[in-house]
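Below is one structure, written out as structure tokens, with a few remarks after it.
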Amino acid sequence: MPACTFYTTAIDYTNAPPHIGHAYEKVLTDVLARFERLRRRPVYYLTGVDQHGQKVQQSAEKEGLAPLEFAERCTAKFLDLWKTLDVQFDGWAATTHPLHKQTVQRILQRLFDAGQLYKQRHNGFYSVRQEQFLTDKERNEAGEFGPEWGQVVELEEENWYFRLSDHRDWLLGFIDSHPHFIVPAFRRTELRNAVEKLSGDLCISRPKARLSWGIELPFDSGFVTYVWFDALINYISFAGYLADPDSGLPEFRSLWPARAQVIGKDILIPAHGIYWSIMLHALGFPDDEIPTLLVHGWWNISGAKMSKSLGNTVDPAALAERYGVTALRYYLMADISTGRDADFSEERLRMRFNDELANNVGNLLNRTLNMAHRYRQGVLRRTGCQDADLVSLAGTEAPAAVAEYTKAMEQFEVDAALEAAVRLARTCNQLIEASAPWKLAKDPTLAERLDAVLYHLAESIRIIAVLLVPVLPEAARGILAQLNCPTDPALSDAGWGVLPDGHSLGAPVPLFPRLEAPPAPAD
RNA sequence: GGGCCUGUAGCUCAAUGGUUAGAGCAGGGGACUCAUAAUCCCUUGGUUGGGGGUUCGAAUCCCUCCAGGCCUACCA
């Protein structure tokens, strides 16, 4: 076990602006990392951008920019978004970084020295316009390459290959003996079937004449390395693998293996499940240092896959602007079951925010503080009251919620974790109705019961706030501030009975103003 | 063509092969007043996509069909 919990995300390609899927993955990983911080465990969260490759080179040319300039401009959009969404990462993996290049070249040299790479001539049909080789799947019904490919020539080209298929049997055995390699489990089946059919090696280079925007092979300057040995390497290069001692990068041994590498379902096969795991194996990583891949699903737009060509992408920055970061983060974490797909809907975003945060949690805080001030000048009293409903809340329901929450978070099921927290709030609202503090306040003989109810409510809300910290860092701090509690709690503070006798509560200020639907466009 | 996933209440989802298939929201009825017209209680609603099979027992396992989604398709 490494000293530090390490999470990585896929790095985003700097060819197009971020959409809701990018935001989801980074927020999900942010929540997992913040959960570790809540537990006061060391954590390192690495995310970044993939800046090389042909599409960046082409897009840059189109706009008359140098590739780096184009990539940096797009990178800035991602960085802005992460700041907006409170995504708090520790390491930033930008593949144009010199230290990354250095590690990539060291790794390539190693594999070259170990005989894992070889050069081979390939003959095929090449589209000049699209700058790519064509395979039979590009042929149309007539068995020909259509006009969309422009001029197609038969071309012979040399390239470098990685001996992928040598490791096929190892990977099959590894998948079989490591049930937690892929989360969720059904993706593991899918991967195994794909590996069974694996044949052939992996082309890892492009001749510079065709693609110059990349990292040069250290043993053959006529080529740059293609995406796999560039982008995938970020997970270890920025974690300090093969780095010089004075590089300023983290100590690799303290991070590796990652607790989970968070990726989308589209890049499990073949990129991460096959190429990446075999790359690690070929580099000499033992089986217990091949990290878990946490494979998340997609946000679809009314059932359809989101894509630029359909024009149905969702801009996360605009959503954050319209509804606030709290509502957006909550929705992204609550309304999808980790690993599965979900339908994105602004209506559901508003609904879940209003029902669960405004009406349930927010209003609970608000009414509790109001009653405490109205009946007790905001001062809590710990009493010896042993009424069954209160004993049950303190001894059973609150601890059960914390336990359920913790278990769910450890299994990356953020939606289930949030549900546990929200259910505790619902229990508190029920307690208020059942105990009717406004009636207790009228009867001096029930003063002790009133104090006990108010104390139990405040304690429960405090615990709920602690549980909400990873998903809603700002809002949780807001709740704790109104309770006059420290705003950087640990998970251990979610135990019962932290508030002392005589504790003064702050003034109630609505934290989750209800969201209204935007006016219908007048078209 | 090969593979994987999904199909359960109007919606979003739960249910190690084991009581009468549950919860939130929405809908209907009622209560309360501390509160962000919030909350609380009661309630309507299901041939678990269809059809076979295994079992004392199936939403769950097997076969098959239907619908939707995704990956992959001798590979540079």
Side-chain angles (χ1 to χ4, degrees), chain A residues 120-127 131-138 155-161 184-207 210-211 226 264-271 273-274 295 297-298 300 303-305 334-337 339-343 345 347-348 350-376 415-416 419 422-423 425-441 450 453-454 457 508-515:
Chain A
Q120 196 180 49
R121 204 162 271 285
H122 171 79
N123 187 306
F125 292 96
Y126 182 78
S127 158
E131 300 190 29
Q132 69 174 72
F133 274 92
L134 304 177
T135 61
D136 286 344
K137 80 172 168 182
E138 268 89 39
L155 186 74
E156 192 171 78
E157 187 174 282
E158 277 196 307
N159 264 307
W160 283 89
Y161 293 79
F186 70 85
R187 295 279 175 211
R188 180 166 162 255
T189 316
E190 198 177 322
L191 175 63
R192 199 188 188 289
N193 290 333
V195 178
E196 289 265 12
K197 290 192 293 187
L198 180 66
S199 66
D201 289 331
L202 181 64
C203 182
I204 63 155
S205 72
R206 290 294 182 271
R210 193 140 80 75
L211 175 68
Y226 182 56
K265 64 177 185 175
D266 53 323
I267 54 174
L268 172 64
I269 299 168
I274 300 178
V295 185
W298 284 353
N300 297 317
K305 179 176 169 177
D335 213 37
I336 191 168
S337 178
R340 299 197 178 278
D341 288 0
D343 261 359
S345 142
E347 190 186 341
R348 279 192 66 81
R350 291 190 298 266
M351 190 192 90
R352 294 205 69 137
F353 179 89
N354 287 340
D355 286 345
E356 292 161 23
L357 293 183
N359 297 354
N360 191 352
V361 175
N363 187 50
L364 170 65
L365 170 70
N366 204 246
R367 67 198 302 210
T368 299
L369 292 183
N370 261 297
M371 289 189 287
H373 281 281
R374 182 178 295 228
Y375 307 135
R376 288 295 184 265
D415 55 313
E419 199 184 319
V422 168
R423 199 181 315 128
R426 187 166 289 121
T427 303
C428 291
N429 277 317
Q430 289 167 341
L431 173 67
I432 293 177
E433 296 302 324
S435 60
W438 48 93
K439 286 182 186 165
L440 300 177
L450 176 58
V453 167
L454 291 173
L457 291 173
V509 181
L511 262 178
F512 304 99
R514 289 177 56 86
L515 298 175

*A:N354 side chain to A:L515 backbone, donor-acceptor under 3.5 Å*: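 The answer is yes, because a donor-acceptor pair under 3.5 Å joins these two groups.
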*Assign each of A:E158 and A:N360 to its nearest nucleotide of RNA chain B by heavy atoms, then name whichever residue's nucleotide is nearer the 5' end.*
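It is A:N360 whose nearest nucleotide is closer to the 5' end.
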_If you assign A:K265 and A:Q430 each to the RNA chain B nucleotide with the nearest heavy atom, which residue ends up on the more 5' nucleotide?_
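Counting from the 5' end, the first nearest nucleotide belongs to A:Q430.
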Where is the tightest heavy-atom contact between [X] and [Y], given as atom of each residue plus distance?
{"X": "A:S205", "Y": "A:N159", "result": "OG-OD1, 2.5 Å"}
{"X": "A:I432", "Y": "A:L364", "result": "CD1-CD1, 3.7 Å"}
{"X": "A:F353", "Y": "A:P513", "result": "CE2-O, 3.2 Å"}
{"X": "A:G362", "Y": "A:F512", "result": "CA-CD1, 3.6 Å"}
{"X": "A:P508", "Y": "A:N366", "result": "CB-ND2, 3.6 Å"}
{"X": "A:A342", "Y": "A:I336", "result": "CB-CG1, 3.6 Å"}

Contact class for [X] vs. all strands (heavy atom < 4.0 Å): base, sugar-phosphate, or nothing?
{"X": "A:D415", "answer": "nothing"}
{"X": "A:A194", "answer": "nothing"}
{"X": "A:L155", "answer": "nothing"}
{"X": "A:R426", "answer": "sugar-phosphate"}
{"X": "A:R348", "answer": "sugar-phosphate"}
{"X": "A:F353", "answer": "nothing"}
{"X": "A:P513", "answer": "base"}

Distance check, [atom1] atoms only: [N] and [M], in whole angstrom units.
{"N": "B:rA9", "M": "B:rG22", "atom1": "P", "result": "14 Å"}
{"N": "B:rA59", "M": "B:rG52", "atom1": "P", "result": "14 Å"}
{"N": "B:rU12", "M": "B:rU8", "atom1": "C1'", "result": "12 Å"}
{"N": "B:rG50", "M": "B:rC13", "atom1": "C1'", "result": "23 Å"}
{"N": "B:rG51", "M": "B:rU19", "atom1": "C1'", "result": "28 Å"}
{"N": "B:rG3", "M": "B:rA73", "atom1": "P", "result": "15 Å"}
{"N": "B:rC42", "M": "B:rA23", "atom1": "P", "result": "10 Å"}
{"N": "B:rU60", "M": "B:rA21", "atom1": "P", "result": "14 Å"}

_Matching residue for A:E433 among A:R426, A:K439, A:R367 - test: salt bridge (Lys or Arg N to Asp or Glu O under 4.0 Å)_ =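 Answer to the salt bridge (Lys or Arg N to Asp or Glu O under 4.0 Å) test with A:E433 among A:R426, A:K439, A:R367: A:R367.
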Output the rounded distance in Å from [atom1] ([X]) to [atom2] ([N]).
{"X": "A:F186", "N": "B:rU6", "atom1": "CZ", "atom2": "P", "answer": "7 Å"}
{"X": "A:E356", "N": "B:rC13", "atom1": "CD", "atom2": "P", "answer": "13 Å"}
{"X": "A:E196", "N": "B:rU72", "atom1": "CD", "atom2": "P", "answer": "18 Å"}
{"X": "A:Y226", "N": "B:rC75", "atom1": "OH", "atom2": "P", "answer": "15 Å"}
{"X": "A:D343", "N": "B:rC11", "atom1": "CG", "atom2": "P", "answer": "12 Å"}
{"X": "A:N300", "N": "B:rC70", "atom1": "CG", "atom2": "P", "answer": "7 Å"}
{"X": "A:K197", "N": "B:rG1", "atom1": "NZ", "atom2": "P", "answer": "14 Å"}
{"X": "A:D355", "N": "B:rA37", "atom1": "CG", "atom2": "C1'", "answer": "14 Å"}

*Treating a pair as Watson-Crick (purine N1 to pyrimidine N3 plus N6-O4 or O6-N4) or G-U wobble (N1-O2 and O6-N3) with both distances under 3.5 Å, list the stems of 3 or more consecutive pairs that involve RNA chain B.*
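Detected stem regions: B:1-7 with B:66-72, B:10-13 with B:22-25, B:27-31 with B:39-43, B:49-53 with B:61-65.
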*asked:* Among B:rU12, B:rU6, B:rA76, which nucleotide has an atom closest to any side-chain atom of A:E157?
replied: B:rA76
*If you check the A:N159 side chain, which of B:rA14, B:rA76, B:rA38 turns out closest?*
B:rA76
*Show your working on salt bridge (Lys or Arg N to Asp or Glu O under 4.0 Å) between A:K265 and A:E190 and close with a plain yes or no.*
CA-CA 11 Å; A:K265 64 177 185 175; A:E190 198 177 322; over 6 Å; no
N/O (side chain, [X]) to phosphate O (OP1/OP2, [N]) under 4.0 Å:
{"X": "A:S435", "N": "B:rC40", "answer": "no"}
{"X": "A:R352", "N": "B:rG24", "answer": "no"}
{"X": "A:N193", "N": "B:rC4", "answer": "yes"}

*Apply side chain to side chain donor-acceptor pair (under 3.5 Å) to A:R206 and list each qualifying residue two or more places apart in sequence or on a separate chain.*
none
Table of protein N/O atoms under 3.5 Å from nucleotides 33-35 of chain B N/O atoms:
| unit_1 | atom_1 | unit_2 | atom_2 | d |
| --- | --- | --- | --- | --- |
| B:rC34 | O4' | A:Y375 | OH | 3.4 |
| B:rC34 | O3' | A:R374 | NH2 | 3.4 |
| B:rC34 | O2 | A:R367 | NE | 3.1 |
| B:rC34 | N3 | A:R367 | NE | 3.3 |
| B:rC34 | N3 | A:R367 | NH2 | 2.6 |
| B:rC34 | N4 | A:R367 | NH2 | 2.9 |
| B:rC34 | N4 | A:E433 | OE2 | 3.4 |
| B:rA35 | OP1 | A:R374 | NH2 | 2.9 |
| B:rA35 | O3' | A:N366 | OD1 | 3.1 |
| B:rA35 | O2' | A:N363 | OD1 | 2.7 |
| B:rA35 | O2' | A:N366 | OD1 | 3.1 |
| B:rA35 | N1 | A:R367 | NH2 | 3.2 |
| B:rA35 | N3 | A:N363 | ND2 | 2.9 |
| B:rA35 | N3 | A:R367 | NE | 3.2 |

*Got more than 12 heavy atoms from elsewhere within 6.0 Å of CD, A:E347?*
no
_Candidate pair A:D343 and A:R348, rule salt bridge (Lys or Arg N to Asp or Glu O under 4.0 Å), full reasoning_ = CA-CA 9 Å; A:D343 261 359; A:R348 279 192 66 81; over 6 Å; no
